Structures are given as C-alpha cells and as structure tokens.
Amino acid sequence: MAGDSCTVKVKIDHVKKVFNVRGNEVVALNGVDLEIKENEFVCVVGPSGCGKSTLLNIIAGLDVPSSGNVLLDGNPIDGPGTERGVVFQQYALFPWLTVEKNIAFGLKLRGMKREDVQKETAKYLDIVGLSSFAKSYPKELSGGMKQRVAIARAYAVNPEVLLMDEPFGALDAQTRTQLQSELLQTWEREQKTCFFITHDVEEAIILAQRVVIMSARPGRIKEIVEVNIPYPRTQETKMSQEFLELKNYIWGQVYEEYLAVRK
Amino acid sequence: MAGDSCTVKVKIDHVKKVFNVRGNEVVALNGVDLEIKENEFVCVVGPSGCGKSTLLNIIAGLDVPSSGNVLLDGNPIDGPGTERGVVFQQYALFPWLTVEKNIAFGLKLRGMKREDVQKETAKYLDIVGLSSFAKSYPKELSGGMKQRVAIARAYAVNPEVLLMDEPFGALDAQTRTQLQSELLQTWEREQKTCFFITHDVEEAIILAQRVVIMSARPGRIKEIVEVNIPYPRTQETKMSQEFLELKNYIWGQVYEEYLAVRK
Amino acid sequence: VGCTPSQSTGAQAGEAGNKTPDKVRVAYMPNMGSASAVVSGIEQGYFEEYGLDIELVQFAGGPAEIAALASGDIQIAQIGHGAHALCIEGEAKVFAIDALSLSDVVLANKDKGVSRIEDLKGKKVAVQAGTSSEIILNLALEKAGMTQKDLEIIQMEASGMVSAMVGGSIDACATWEPSSTTIMNQMGDSCITLAGNEDFLEQATFASGYITTDKYAKENKDILVRFAKALLKAQDYRNPHIEEICKAVAKLIEADEATILDTKNGAKWLTGEEIKASLEDGTIKKYYESQQQVFINAGRIPEPVPVEDYVMFDIMEEATSSYK
Amino acid sequence: MNKISDKVWILISFVTAIVLWQLISMSEAGVVFASPVEVIEKCIKKIADGTLWLHISYSLFRVIAGFSLAFIASIPVAFLMGWYRPVRGLIEPWIQFVRNIPPLAYIPLIIVGVGVDERSKVTVIFIASFLVLVVTIYQGVRSVDATLIKAAKILGASDRDIFFKVVMPASTPFILVGTRLGLSAALTTLVAAELTGASKGLGMMIQTASGNYDMGTVLLGIIIIGIIGMAMEKFVRFLERRLTGWQETHVQ
Amino acid sequence: MNKISDKVWILISFVTAIVLWQLISMSEAGVVFASPVEVIEKCIKKIADGTLWLHISYSLFRVIAGFSLAFIASIPVAFLMGWYRPVRGLIEPWIQFVRNIPPLAYIPLIIVGVGVDERSKVTVIFIASFLVLVVTIYQGVRSVDATLIKAAKILGASDRDIFFKVVMPASTPFILVGTRLGLSAALTTLVAAELTGASKGLGMMIQTASGNYDMGTVLLGIIIIGIIGMAMEKFVRFLERRLTGWQETHVQ
Ligand SMILES: Nc1ncnc2c1ncn2[C@@H]1O[C@H](COP(=O)(O)OP(=O)(O)OP(=O)(O)O)[C@@H](O)[C@H]1O
Ligand SMILES: Nc1ncnc2c1ncn2[C@@H]1O[C@H](COP(=O)(O)OP(=O)(O)OP(=O)(O)O)[C@@H](O)[C@H]1O
Ligand SMILES: [Mg+2]
Ligand SMILES: [Mg+2]
C-alpha cells in the first residue's frame, strides 16, 4: 500500500466486448480506454444497458474482452484474484449459507483463524446493520438486506480493488448515506482503489474523484469528469454551488445518451 | 372504472404478519391499517427490512396475514387475481421465455388474439425502450433491462390495481424520470389504483397523492403524508418550496426510523 | 415353420374332418429338452393332421409360462422338472409326458484336488437352487454320506458357473446342458464329471411334460387328446431323427446348430411306444411318484399328494389307446 | 487442449474400447466374452438371414412405446404429487415401494394381468421408466423457484397454466435427467420385459443365446442395446440444446 | 382436507394394499402370487430358523457398501466431467454405453474379473448405482447458476473449493434424486448381483425360492426389499430436510 497515487492500478486498453446471441452480435463495449490509478475512486454512470456491468466483469476477470487488454498492476488479467472484490448487481448470495456464513465465506477460504473470522464477520454485520440476522438464510431477507449482505461479504475480504455494481441501489436513502460515508472512510484509511457503478449522479459526485460517463450502446467512454471537491464530503456538500453545477452537467450528458437510445 | 374517488379499493385492517424462522418469530408487520381509495396513488417509504414488500405481497394475495383482514372492493382477498398486477422487487422474469414472450405471458393467458398480443407487446416494449431486445432471453439483459421487462409485463395485462415494489430502482435517472411520467399519465388516463414502494423520497412525492411512512421493524404505519401538489407534476415541481419542505419532512421521519434500527 | 405332409397317413386323419383347425398357443423354452417334440410335430404336420393349429410362444423360464397359462393367453405349456411342484400343488395339470432329463452333471476341477465326491468336503461348489442338478448333487452327496453343509455352497446362475469354473474361483459345480458342455470343452482334462442323472435313475426322475389349466382341461378335453395323440407321433419321429430335429430347433430359436447338436443326448427322448408300454405297466406313474418324492425330500412339498390328482392319466390313456 | 473436438475423444474412446475388448476376449475371460471378430461374424450372419432387423425393430417399438407412455403419464402425476397433498399421500408410498423391487419380481403378475402379447412387454418397460421419471420430475417440481410461480399466478395463470408454462419449463433439467435415466431403465429392463413370452426382440435374442452359451450373439445384443442407448442420448442432447438455451450456467 | 396427516394416508395405502393383495391372491393370479397368510407363515418360519436375518444382513451390507462407494466416486467424477472437457470426452461415451446395458449382461465378466466373493456383488451394485448417480449429479453440476460460481471465484475459491462449497450445495436437489434412484438401482440389482455366487442374501433367497416355485418366499423377499427401500427413503427424507431448508420453493 506504499504506492504513490499516480501509479496506474487498472489499465483498460481498447477493450471491445461482443456478445454472440444466436448468431447476432451485440456490441456491449467498443473501444474503451481507461486508467484507474492506485487509491483512486472512480464512479461510472451511463444509461441502462450501456455496458457498465460488462466492463466491471472484465476488470474482475470474470469475462474476457473480445479484443483489447486489461492490466492490473501492469500484468494482464487472467481470471479473478483475491486482490479484487466485487459487489454484484444481483447480489449472488449463496442461498444455502446463513448471512453470517455468506460473509465469512471468503475469510475461511483465506485460512483465517476461527475466532478472527467471527470477529471480522461480526464487524461487517454491524456495519451493514444486520447483526440480528446473522443466522438467517437469504430467502428470509428483504431485498435491501440481501444487498447489504453482499456488500459486507465483499468488504470482509478486504481487497485492494473494490468493484461495486450499484451496491446501494436497493437501500433507503438513510442507509445509503451511512454506507456511503462508511465506504469513503474505509477508502481514505486503507488506500483502496474503487470502481463504483451507480445511477445516482449525486452519489457519484459525493464519492468519486472522477466520474466516468458512458455512452449508450455500443458502450464507450463519453467523458470523464473530475470532481475537485475536497474530502471529507458531507450532506452540506450537496448544497454547494460546485456540486449542483457538476450534477446538472453530468445529468445533461447522460440525458443526451439516454435520448440517443430512445432515438 | 366508474367509481368515484372516495370508494375504498383496498382496505387493510389490523394486519399482522409473523414469519416463523426455525422456531424464532420475526414480526414483519404489526397492526397495519390502511385504506387505499379507488384511483388513488399511494407511495410507501420506510427503512430497509421494515415490511414494505411483505405488505405488498399480502395485498397481491401471495401471502396471507397472520391476523387481520385485507379487503379488495369490500371482499376478502383470497389468492391473487388478475385485477391486480405486480412488479416484483427481484423481477421474477421467466428465464426460459424471451423478453417478448415474458411480456405476452399474461395476455396469452387471457386468451387475447395473436395479433392483439403482438400489438400490445410491441407497445409496451417501446414504452420501456427494449424493442430491439424483443427476442433476447433474460440472461442476455443488463440489470436495468430486466427490470424494465418486469414493468412492461405488469403493465401489459392492464390491471385495475398496480402493486409496484421499487420498480425503477435499477434504472438510470433519465429512464426513471421518463417511466415516472409515463406511469402518471396512464394512472390519470385509466383510473388505476397504485401502491408503489420506493426508497427515493423525491420519487414518492412526485408520484403520490399520499405517502405512507413505515416504521422500522416490527413494521407499522408511522405516518401518512398528503401531497397536495397538483398534477401534472414535472421536473420543475422538484424545485418548488412545497416539494422541498415535504421532502425534508419525510426524509426526517424516515431518518428517525433508520436511527431506531441502528440503535 | 414349414409343414411337410407326413408319410404315415393314419386313420386319424379323418378326425379333423374339414373343420377349421382349433388354434392352440403353446409355451416352450428355447432348448432341445423343451422344444424338440412340438417342433417335430409341427415339422411333420402331425398337429395339422389332428386339426390343431399350433402357435409357439417362447418363454425364458417356468414361472413366466405358468403365469401365462393363468392369464389364459396360453393354453398349453411345456415345462421342465421344477415347475411340476406347482402341479402337485394343484395349480396346473399334466396331460402328456415328454422326456426324462439326463443333462444334469456335477463337474469338478481336478487341479483343485477333486477327483471323487468325497473330495468336495469344504470346497466351493456352485449350484442353482431348485434345479434338477442340485438334486443330483444332493443325491451324490448322500451316497457319499455327506450333505450340502459339508461344502461351501455358492448359489449361482448357469452362465456364471462357466466363468467361475474356468476362471478357477470355484472348485465344482452342479450344472446342466449346455453350460456343462461348454465347461468341459473349455477345461479339457482338468474337468471331471462326478455324477449325472444316469447314476440315480431309481431315486430321481426328471420328467418334462405338457401341462394346462384345470379349467381348460375340463372344457377342451378333446383338444388335449388330439394334442397328445399328435405328440406321440412326434415323439416317435424325434428319436430316430434327433439330428434333424436339433437343426429345426436351432433354426426356430436362432441358435448355432452345433450347440444344439451338442445337447442331443441331454435327455431320454421317450417314444410313443415306450409311453404306451410304461403307461400300461405303471412305470409312468412311478416316474411321477419318484419326482414327487424329490420335492418332498427337499421340503418343497409338505406331504404326498396322489399322482392322479394332477396327472391326467385318462388323457394319456385315451391318446395311447388308438396308438398303433 | 480444449481445441480437440468431441469427435476425437469419441474416437479415442472407441479405439480403446476395441483394444480392451480384444484383450479381454484373449484372456481367461474369453470363455464368457466373445472376440470382436466373433461378434462381427454373428452380426453378418444375422443380418444376412434377416432376423437382426426383426429383433431390433420389435425391441425398439417396445422401448419407445413403453417409455413414451411413461413420459406422458409421469409429468402430470409428478405435478399432482407436488401440488396436492392428498394425491401425494395416496401415491407416494406405492411409488416408493415398487421402485425398489426388481422388475423380474413382478413379471409373472404382469403376465397374468395383461397376457403375453405386446402389452405385457410395453407394461414392464412402462413401469420401469415411469418410476424413474416420476421420482425425478417430482423433485424438479419441488425445486421450482416460488417467485416464478407467484409471478405466474399474478398474471392470471390457473394451476394448469402454472404446470405447463412454469413448472415444466423450470424443471427442464430434471425432466432431462429423468428422460436419460428413464430411457436407460427402459433399455435395461428390455431383457426382463421380453421374458414375458416373446419370440422376437433383442432381449429374447440375448436370453436364448445366453442359454445356449452363444456368447457372440449375447455380446452382439448387448452392443446393439448400447448403441441404441447412445443414439437415444443423441436425441436427448438435441432436445437439451433446444430446451435449455435460456439457462445461465458455467459449463458450455 | 389438508388436515389429514401423512400417517393417515400411509395407513389408507397400506390397508388398500393388503386388501388388493388378498384379492389378487384369490384370483387366477394366485398361481404366481401367494396370499398374505402364506407369506406371513413363511416369514415366521424363516425368523424362527434364523435364516431371514442372515439374508437381510448380507444383502443390506452389499447394498450399503456398493451404494456408498458409488456415491463417493460419482461426485468427483460428475464434477470433473462438468469442469474439464477432456475428462468429459474420455468418460462420457463409456458411461452412456454401459448405463443402457442390463446388469445381467455383464455379470459373467465380473465373476471373471473379481471372483465370486463379496467383492463381485458389491461391484455389480456399485456399477448400477454409480451410473445413475453420475448421470444425475452431472446434470446438477451443469445446472449450477454461473453467478454463484463467479461470486466464489472472486472470493478466492479454488476449483476444489468451488466444487465442495458451491457446486455440491447448489446441486443438492440433483444429489437427492441421484441418491433416491441410486438406492433403487442398488436394490433392484440385488437379485442380479447375488447371481454372481452367494449363499446368503435376499436376492439369492428370492432366486432359490423362484427356482422352487415357492411363491410365498419370493413374495416375502420382495416385500422385505420394498420395506428396506422405504426405510432408506426415510433416511433420504431426513437428509433432504437438513440440506434443503434454504431452498425457496412452493411445495412444503
Ligand atoms: N450474457 C450476455 N449475453 C448477451 N448479451 C449480453 C450479456 N450480458 C450483457 N449483454 C448485453 O450487453 C449490454 C450491456 O450490458 P450490461 O449488463 O453491461 O449493462 P449495464 O450498463 O450494466 O446496464 P444496467 O445499468 O441496466 O445494469 C446489454 O445490451 C446487454 O443486453
Ligand atoms: N420468507 C421470509 N421468511 C422469514 N422472514 C422474512 C421472510 N420474508 C421477509 N422476512 C422478514 O420480514 C421483514 C420485512 O421484509 P420485507 O421484505 O417486507 O422488507 P422491505 O420493507 O421490503 O425491505 P426492503 O426495502 O429491503 O426490500 C424482514 O425483517 C425480513 O427479514
Ligand atoms: Mg448492470
Ligand atoms: Mg422489499
């Protein structure tokens, strides 16, 4: 974690992704270039279906680009690795494990001692406010509760790079705000690199150093907006002139893309 | 549809719902009373896990209350019926059907003629902006696209009562806005009754005549806020003083509940 | 199956008249012991002569045949020794005798140090329970003052015995044609025959024959008599032409002629003449009594039943009465 | 490594099989195991005299008829068992009892019940495959995701609709397993089925040849049954590709 | 209606069965079907002379040993087939070929291969249940939701971990079907297995009695096998309740 903040952590180089759907080609990404620096917080916004999740999957090593390269710390990515953690858009909890065991899953795989596993699990259960549901199975949780388990599971393994796909989408505004500031604190404290997909432009501006705006299908990077508001950012930040201007600008950019899809 | 707007469409009377989880009781709803009038638009907000989806399931007839009654048009609800349509929080698309066929599912069951089915399906595909994905399977869609299919499927059968569980949660702000106004237009034109769960307080105020604020577990109704802003409401509405006050008030109320959960 | 007209035109020919022949379905098993007589009769046209149209239905074993009789789909069944137990119990009636089985043998592996029955003590011996070979083994043991308890009995099905004998995992077996021939051919000099049916003709006769249900017998006595008559002629033809019959059976069951020819001495093929004589001097009755004793000894039948109760001597007599 | 196509693997398997076969037939097992040459000779002979086709066509008819009837019957039964408690209570103990009984054991009963014509063979095969199918599909019915059923109900589906339009497609993987194992059951029961009085059929051919120690024919019969099985598997594969394209799985 | 408990249904089924049985044994099928009284007599006799327990215990040992080995072997094989293409290419054609062959057909070969002691019986039962288990579990492995595997990979799971901690639990419904049908296969193959040379065992008892046309004992053997099967089903049920509590299904 001694890297200075200008080292490139993730380098996405001319990435193209084509899905073959019964003979037809769906171009999900077309020539995406992006450098994410070490300890950088990048948010991605863009209209539904523009390829955000696809890009995240490729960085995670769960999908391979049709052409182009993705490098992590300068090395080509070949499969998933424990230095990257993912919160999936559809949670992907293990339905046969309790909340507690879902969160402990990655820790146990790392051979962590039992009591440490317990301590860590309890800590993240508390962060997402689910301590009293430790023994519940996913089917016994509400939508937002499931999402929080997925967040806790990704946090627990303490990865260098956090890849999050609309992680707060199913949460009420209050829990969302709390988890946002929790995330920012962790990020600042532990020098994580974050790649965060969201539909909430406010959320993007509150969190990110740079907001990547993606264009409609075939997904490309339309623009990258630097957010120069100093951390820590709070609820008051949302009232600032700078914030509102950025918000309007980004909103407008995405709106253009949205219109492009609607034609 | 000739009912005047004072007829009670759905009457929820002292509803309590207890889940039995391996011997322990989880009280999801505790003494909920609510009357939804014909052609009323009710939004429900509340902290994650407070019982919103459970209440919706009970109105839909998919779950039975542990005690209390739910009446539809004065008759006790006993199972689902085609006069109620649901958009599920987790979409619940049929993975073996294409987008088109998912949307047509309910129409075919009603014995609608082939060409009418096609016409209707095409219409709702267009509303949710998925015309070019008619032949895709759910697994080939992005998260937001799946959600839009679920919305189209519920709309297509044209139910009197629309029960929607965070239907726009996975959508970008722009698509969301578009679908909000589309929904409002339909509601006004076709005299539907809407029960709409959301985490977005702005969304609730833009849409609803009354906003139901639910308290944290065990779920109760904390307060019902009347929104007296006249329709049609637009983006400008969001800038009005009335709107902002309501927003702050509701936010504060939910925040209290959120704090109650966090203890 | 072709029907060459018979050379021996008898007075019986008239019995059939110009009536349409009576249809009879006959169950048999795919081996010489079971099929030879009826095949001979069909080939020679004897059944036709007696106004019977025979349809053969193949079965793999006695239980299925008996079940088929009970279902009414089959009118007559050719059965081996074992199924006679059911007749003794009154489930079916015997109306014609076919042959006396000679195919059972007790074989042993010389290389395992067995050359006499006595040497079997403590050895692994394969048998299939309830078969006539088991009875031969029992009789042989009895003669040597032993019982099955002195051996290590291994229950096995015939094809298993071949592989087990040749592979050396058992020391001896009680088996029958054609597995016995196969074992002898495969093992050559190492194989020794310890006992066979011929050694115990007094104590045990394994008669095979034709049976039917009580109900059918009552209602169609006439058909049974005609069948028995034709059968006597067929049996007469069978003995001197045994190789020809082997080939016909081989063709019917789609087996190698050579294999079937190997089994041509697997039984004492009774002729009409022998049957007529044995019937008159009571030998046939003795066959059945001795057969019943075998079942009684084995504990299969609790107490003796008069042979007349299940063997229809009246039909046998009527059939033989007109025999030349 | 991954580039080697399926065909190559099948070829390797095939050649290994033939070599192994030749080796076994040359070992002491040769007594009970005819050599490839012997089997081919038998095969040629039986093709020449026209009997082989007859055996195959009789058996094939029985297997296909028995299995098809079982398939048609098992799906509604499995569904009713999953859906209506009384039906389950009434049927389940029987199925559980009978499915553990060797088919050989109930053959006499079937002969008495339905006679010795084609019906008895088809019945034996029907029972064997029906039991396998029902057990499998019932598990499939039980495993259907509850939310999909809820969604269908909301859209106005009757129990019948839910069965045909939700439960059946959602249980496709189970129906496929059931089909595979049901066909296997049909084929492995063939010999037993043809004990009920037949003069044609592969089972009868094997049975007779085995009684006569004609191991070449026995092996020929077995190989033909095996090949029929593989051909049926090809068909199931074809169905599988058509029916489970929607599934999101790891294995391609 | 729903209040009638499972026990009552089982009782109804049981009484119907006994009545039906008595009726059948009194009909013309009585030739091949002993009456309840006869069977009970046989049973008492065999309990008295102590042979029944011996038969049962031998057979039970063989079934449990053969099935357990098959279970242990089939899970990794199914997984490897699902995961590694070359393994699939190499193994699959064999499994497909053998699973359609009647067990009776390969018994002589097994005798030659492993002799006539307990191993041969266990081998026959092993093969029969292994084939069923592998086919079922392989389908289960193929049907595992890809996103769960992705999630596990991301959390650092090796292929081994994925197998034990994701694929196995996710395929529980298939493993259960496999267990049910594998146990059935083990029991229905018992008679065939004990044709490989045995002196004790239910299969042998049935075989012997059938050779002696002792239908009472045959039926007794069949009923005992059926009861063993039902007892095993109870055990599978118990496992099912423990293992699939997490499943969200419609049927309770
Ligand atoms: N497995 C797949 N097969 C075929 N097409 C796919 C697949 N996965 C994604 N796509 C297509 O790729 C495009 C991008 O999908 P992706 O999930 O990356 O969108 P997204 O930006 O995450 O959208 P959302 O905000 O709605 O989640 C979409 O058009 C989708 O239809
Ligand atoms: N099937 C179930 N079994 C046990 N408990 C359940 C079940 N379904 C819901 N619950 C519990 O009921 C409570 C309310 O759940 P519900 O899904 O209604 O919440 P919600 O308000 O919709 O939350 P969210 O906004 O996160 O979707 C939760 O505490 C949940 O754990
Ligand atoms: Mg996405
Ligand atoms: Mg909810």
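Here is the naming used below: chain letters follow the sequence lines, and residue numbers restart at 1 for every chain. Note that this is a predicted model, so its numbers are computed, not measured.
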Given the options Asn57(B), Leu62(B), Leu93(B), which has more heavy-atom pairs under 4.5 Å with chain D than any of the others?
Leu62(B)

Of all heavy-atom pairs between Asn158(B) and Glu190(B), which one has the smallest distance, and what is that distance?
OD1-OE1, 3.1 Å

So, for Ala154(B) and Val86(B), which heavy atoms are closest and what is the spacing to 0.1 Å?
CB-O, 3.6 Å

If a pair satisfies side chain to side chain donor-acceptor pair (under 3.5 Å) and one of its residues is in residues 55-79 of chain D, list it, with sequence neighbours excluded.
Glu254(C)-His55(D), Ser59(D)-Glu194(D), Arg62(D)-Glu118(D), Arg62(D)-Glu194(D)

Heavy atoms under 4.5 Å from chain D: which residues of residues 103-113 of chain B carry them?
Phe105(B), Gly106(B), Leu109(B), Arg110(B)

Check whether any side-chain N or O of Arg148(B) sits under 3.5 Å from a backbone N or O of Leu130(B) as a donor-acceptor pair, and report yes or no.
no

Cation-pi, Phe94(B) ring and Arg153(B) (6.0 angstrom, 45 degrees)
yes

Test the Lys17(B)-Phe19(B) pair against the cation-pi criterion, namely NZ or CZ under 6.0 angstrom from the six-membered ring centroid and within 45° of the ring axis.
yes

